[in-house]
Amino acid sequence: MSLAEDLYPTDTRTGKIKLHGPEGFAGMRVAGRLAAECLDMLTPHVKAGVTTLALDRLARDLILDAGALPACLYYRGYSNTLCISLNHVVCHGIPGERALRAGDIANIDVTVVVDGWHGDHSRMYAIGEIAPRARRLIDITYEAFELGLAQVRPGARLGDVGHAIQAHVEAQRCSVVRDFCGHGLGRVFHDAPNILHYGRPGTGEVLAPGMFFTIEPMVNLGKHQVKLLNDGWTAVTRDKSLSAQCEHSVGVTATGYEVFTQSPKGLFRPT
Ligand code: MF3
Ligand code: CO
Ligand code: CO
């Protein structure tokens, strides 16, 4: 997700929104499928005792073995394939020696590049038994995501997408993170437009066939404010409340949307 304020160069944020044709859809289908296969592959490994770095290596190897590239590796100085964001980490958690423990919730975010096309995708994972409030947060996050996605069609506005997400989250007395957002993507990892996960209906860019972007709401059990740790990447909730996220890469079609990062094994939503 882009830190709207300063993580990405201005020219990619103010640029025109690209409209892609059939070759773009074909390229994104291949990239999106590999991203989803990567998270499918990780699923049985995401359990108590495994380190987040071990998961990172599994993902890196699968991507390289497929002849693709991990987009995050060396991206703006980032040194890993995955972002693994545990519990009160909002996004951009750096894999390391921390082992997963029963009761943790984890977002795992992967971006692959295949033939120049970017597939950007994340899911939540529950490690062992998790607290009811953690389960509730994950459910609200996925529901909000689905409601936002359902707004995507030609003629709809980006504010419709953001509003659908925000309205559901806030009705459950949770909050939508403001400091990070979704983004256009394609041959560029983070492109125009910014996809805010809050907003007013009938405002923002008008969607048109051939636009590609991510929807990736971050939802906090407490307040929306985040802070950045000293590593320069890890974003956490200021109030230490739990945070959840999920992300798909999607394209606007003539009649609605296509999800490029659909799980071949049907594993997008945690069980
Ligand atoms: N995959 C993240 C996104 O959804 C971006 C991570 S950038 C990194 O946009 F450098 F932190 F990996
Ligand atoms: Co993204
Ligand atoms: Co991502």
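Note that ligands are numbered from 1 as they come in the structure, with each ligand's atoms numbered from 1 the same way.
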ask   = Quick one: which of N107, D109, T214 has a heavy atom closest to atom 1 (N) of ligand 1?
value =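 It is D109 whose heavy atom sits nearest to atom 1 (N) of ligand 1.
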
request  = Heavy-atom distances under 4.0 Å are what count here, so tell me which part of D120 touches ligand 1: side chain, backbone, both or neither.
outcome  =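 Side chain only.
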
key: Proximity to ligand 1 by part of H183, non-hydrogen separation under 4.0 Å   =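 Just the side chain.
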
With heavy atoms of [X] as the reference, note each atom of ligand 1 found under 4.0 Å away.
X    : value
C83  : 6 (C), 11 (F), 12 (F)
T111 : 1 (N)
E216 : 3 (C), 4 (O), 9 (O)
H190 : 3 (C), 5 (C), 9 (O)

request  = Let me see the working for H248 and F145 under ring pair (Phe, Tyr, Trp, His ring centres under 6.0 Å), right down to the final yes or no.
outcome  = CA-CA 9 Å; H248 271 315; F145 170 86; 5.4 Å; yes

Within the supplied structure, the quantity of interest is the number of heavy atoms (other residues, nucleotides, ligands) at a distance under 6.0 Å from [X] [atom1]; does it exceed 12?
X    : atom1 : answer
R200 : CZ    : no
D61  : CG    : yes
R133 : CZ    : no

Hey, is ligand 1 close enough to [X] that some N/O pair sits below 3.5 Å?
X    : answer
E247 : yes
Y75  : no
Y78  : no
H92  : no

ask   = Between OE2 of E247 and NE2 of H183, what angle is found at the Co ion (ligand 2), rounded to 10 degrees?
value =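 Result: 130°, to 10°.
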
ask   = What angle sits at the Co ion (ligand 2) between OE2 of E216 and OD2 of D120, to 10°?
value =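 Taking the Co ion (ligand 2) as the apex, I get 160° for this pair.
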
Between H168 and E143: side-chain donor-acceptor atoms closer than 3.5 Å =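 The criterion, which ignores hydrogens and geometry beyond distance, is satisfied for E143 and H168.
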
task = Report yes or no: do N107 and S122 form a side-chain donor-acceptor pair below 3.5 Å?
result =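 On atom types as modelled, these side chains qualify, holding a pair under 3.5 Å.
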
ask   = Relative to the ring of H20, is the ring of W117 parallel (under 30°), tilted (30 to 60°) or perpendicular (over 60°)?
value =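 Ring orientation, 0 to 90° scale: perpendicular.
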
ask   = Side chain of T111, backbone of D120: donor and acceptor closer than 3.5 Å?
value =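 Not at all, since once roles are kept as given, no pair shorter than 3.5 Å links the two residues.
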
request  = Walk me through it: do D40 and R123 pass the test salt bridge (Lys or Arg N to Asp or Glu O under 4.0 Å)?
outcome  = CA-CA 10 Å; D40 283 1; R123 304 178 192 162; 2.8 Å; yes

